[in-house]
Amino acid sequence: MVIQHNLPASFTNRQMGVNNKLIAKNTEKLSSGYRINRSADDAACLSISEKMRGQIRGLHAASRNAQDGISLLNVTDGGLHEIQSILQRIRELSVQAANDTYISADRCTIQKEILQLNDEVDHIGKSTEFNTIKVLQGYNAELITRKETTVVYSEHQGLVNVMGKQGQTVQCGKHYPLGDGTYTLNDNTIVSSDPLQDSSGLAEYSYRLNFGVVASKSEWDKLDGSGFTFQCTLGCGQEFTFKFDKTKSGIKDETTKASIMSGGTENNKVFNVGTSKYSKGSDFIKDLLDFISKEVHGSAGNHVGHDNKIGTTDGSDLIVYGSAKGDENRGYLIVGKPEITEKEVPVGVNILNGKVLNIQAGANSGQLIGIFLPHVDREELDMDRVIVNSSKNATKSISYVDEMIERINEERSRIGAYTNRLEHTYANADNMAENLQNSESRIRDANMADEMVQFSSMNVIQQAAQSVLAQANSSPEGILALIS
């Protein structure tokens, strides 16, 4: 027996300290309800949990944003509804005034009511607000389009001799590089000639159109509807199409909204060639060279596309060749009967009278829904054209009001579509927040049943340790009996 070191008591005391720390952590989890109360509890899961909390709170804010957006759109739709009701009344008055049973004084009275209704439309359009935002003023947009021309060749006329690469059958609408030798048209016409060089001796031509065979009015008439196209040598897609028309005279630009300068961005440019003035091919070639020099290229020199040049050998043919050695395979002509189509291609949106109204519909940056609110007032609808001082004017006014009502119908349909979209956005934000909250709970919340089991176990161990410690502390007292 020793009294200097009570090792059983020391061991028991140390174990009690460990147990007390575990009980403290266990008590902290039970009292807070969280498994993770500090980063030391689980650093990785704490990071995930905090990111989820950011998303959850952001989604709750996005949900409120969507509700605010819906409220704004409801105010907008309410204003449009009232304007629509006023327009229906104006239409009713216009129909009434179109009846010749009314005299001028009657129509004057009707016109006064219409003017007052016009003022009210203007007042509604300029004063309808949500949080000081004038919802019927200033967020309109228009679609910007560009006219795009497409030319497709459906058949070869067989009246203009075309030269292509040796051994190839030259077909309408196909591209062929230059070459020399004997050439065959797709109508089996044989043309034999040696390739020619330009005056500088640098580059051979890639194509030759011989208009010497078109030597009478009847031959020119046969070319009606056919044509040919120069294509850019650099592959930029720029083309110049010339189409024959026996009902017109001279060469005229027949397309709009396109740049005719070399290097422009348009896919095609169409010119009509009126053949009524021509009796021989050389007259047409002279006019064509002058036209291209002044109009297509925009300066002196016969260029089409970018680098391909055009010229003539005897005044009745048209040749195309590269501008330098190595460009021989770049100059192209397409020959045949062109089918020309034009369509408006959207290229962007132009915002009028302000900017897009953005709704932050998500928890993260860039998750915006852009809303274009209508610009509606008396001036925008051009309501002053509604005049009912005569039956004729009243009848016209009916169609004017129909246009206005249709415009409001379009705007209300767009507002309704936005509203339905935001309703789904709101529902989705709430659903995402709920699911993320569930996921975050599984990561961070404490399992109370497990924690209570551990807490009970730790309490039993603590009580046992206290009893053992008391006994270990009393064992040295036996030494006193030996001394006494």
Return yes if some donor-acceptor pair links the side-chain N/O of [X] with the main-chain N/O of [Y] below 3.5 Å, else return no.
{"X": "Gln360", "Y": "Gly362", "result": "yes"}
{"X": "Ser249", "Y": "Gly274", "result": "no"}
{"X": "Asp283", "Y": "Tyr278", "result": "no"}
{"X": "Arg444", "Y": "Leu46", "result": "no"}
{"X": "Ser279", "Y": "Lys217", "result": "no"}

- Below 4.0 angstrom, N of the basic side chain to O of the carboxylate: do Glu380 and Lys126 qualify?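 Answer for the salt bridge query: no.
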- Task: Would you please test Met383 and Leu87 for side chain to side chain contact (heavy atoms under 4.5 Å, CB included) and show each step?
- Result: CA-CA 10 Å; Met383 297 186 70; Leu87 291 176; 3.7 Å; yes
Would you call [X] and [Y] a side-chain contact if the rule is heavy atoms closer than 4.5 Å?
{"X": "Arg89", "Y": "Glu113", "answer": "yes"}
{"X": "Leu422", "Y": "Ile359", "answer": "yes"}
{"X": "Lys392", "Y": "Lys396", "answer": "yes"}
{"X": "Asp402", "Y": "Glu406", "answer": "no"}
{"X": "Ser49", "Y": "Ile36", "answer": "no"}
{"X": "Met404", "Y": "Val386", "answer": "yes"}
{"X": "Ser276", "Y": "Thr247", "answer": "no"}
{"X": "Glu129", "Y": "Val135", "answer": "no"}

Which residue pairs pass the salt bridge (Lys or Arg N to Asp or Glu O under 4.0 Å) test with at least one member in [range], sequence neighbours excluded?
{"range": "residues 270-281", "value": "Lys277-Asp287"}
{"range": "residues 61-72", "value": "none"}
{"range": "residues 421-436", "value": "none"}

How close do [X] and [Y] get, counting heavy atoms only, and between which atoms?
{"X": "Lys248", "Y": "Asn272", "result": "NZ-ND2, 3.2 Å"}
{"X": "Asn389", "Y": "Gln111", "result": "N-OE1, 4.2 Å"}
{"X": "Ala433", "Y": "Ile56", "result": "O-CG1, 4.2 Å"}
{"X": "Ile124", "Y": "Gly79", "result": "CG2-O, 3.8 Å"}

- Who passes side chain to side chain donor-acceptor pair (under 3.5 Å) against Asn118, sequence neighbours left out? none
Spatial distance of atom [atom1] ([X]) from atom [atom2] ([Y]) [nearest 0.5 Å]:
{"X": "Asn409", "Y": "Arg407", "atom1": "CG", "atom2": "CZ", "answer": "11.5 Å"}
{"X": "Ser63", "Y": "Leu59", "atom1": "OG", "atom2": "CG", "answer": "8.5 Å"}
{"X": "Ser85", "Y": "Ile90", "atom1": "OG", "atom2": "CD1", "answer": "11.0 Å"}
{"X": "Gln55", "Y": "Leu436", "atom1": "CD", "atom2": "CG", "answer": "6.5 Å"}
{"X": "His60", "Y": "Gln437", "atom1": "NE2", "atom2": "CD", "answer": "6.5 Å"}
{"X": "Leu373", "Y": "Arg414", "atom1": "CG", "atom2": "CZ", "answer": "8.0 Å"}

- Message: Which residue in the set Leu72, Asn74, Thr76 passes side chain to side chain contact (heavy atoms under 4.5 Å, CB included) when paired with Ile415?
- Response: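 Result: among Leu72, Asn74, Thr76, Thr76 is the only option passing the side chain to side chain contact (heavy atoms under 4.5 Å, CB included) with Ile415.
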- Atom OH of Tyr34: over 12 foreign heavy atoms under 6.0 Å: no
- Item | Counterpart residues, salt bridge (Lys or Arg N to Asp or Glu O under 4.0 Å), relative to Asp77 (two or more places apart) |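 If we apply the salt bridge (Lys or Arg N to Asp or Glu O under 4.0 Å) test to Asp77, skipping adjacent residues, the hits are Arg412.
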- What about the rings of Phe244 and Phe284, do their centers lie closer together than 6.0 Å?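 That pair passes the under 6.0 Å test.
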- Message: Is a donor from one side chain sitting under 3.5 angstrom from an acceptor on the other, for Gln137 and Asp377?
- Response: yes
Would you mind writing out the side-chain donor-acceptor pairs for residues 101-108 within the sub-3.5 Å range, not counting sequence neighbours?
{"from": "Thr101", "atom 1": "OG1", "to": "Asn99", "atom 2": "ND2", "distance (Å)": "3.0"}
{"from": "Tyr102", "atom 1": "OH", "to": "Gln96", "atom 2": "NE2", "distance (Å)": "3.0"}
{"from": "Asp106", "atom 1": "OD2", "to": "Ile103", "atom 2": "N", "distance (Å)": "3.2"}
{"from": "Arg107", "atom 1": "NE", "to": "Ala97", "atom 2": "O", "distance (Å)": "2.7"}
{"from": "Arg107", "atom 1": "NH1", "to": "Tyr102", "atom 2": "O", "distance (Å)": "3.3"}
{"from": "Arg107", "atom 1": "NH2", "to": "Ala97", "atom 2": "O", "distance (Å)": "3.3"}
{"from": "Arg107", "atom 1": "NH2", "to": "Asn99", "atom 2": "O", "distance (Å)": "3.1"}
{"from": "Arg107", "atom 1": "NH2", "to": "Asp100", "atom 2": "OD1", "distance (Å)": "2.9"}

- Message: Would you call the rings of Phe271 and Phe291 parallel, tilted or perpendicular, taking 30° and 60° as the class edges?
- Response: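 Phe271 vs Phe291 ring planes: perpendicular.
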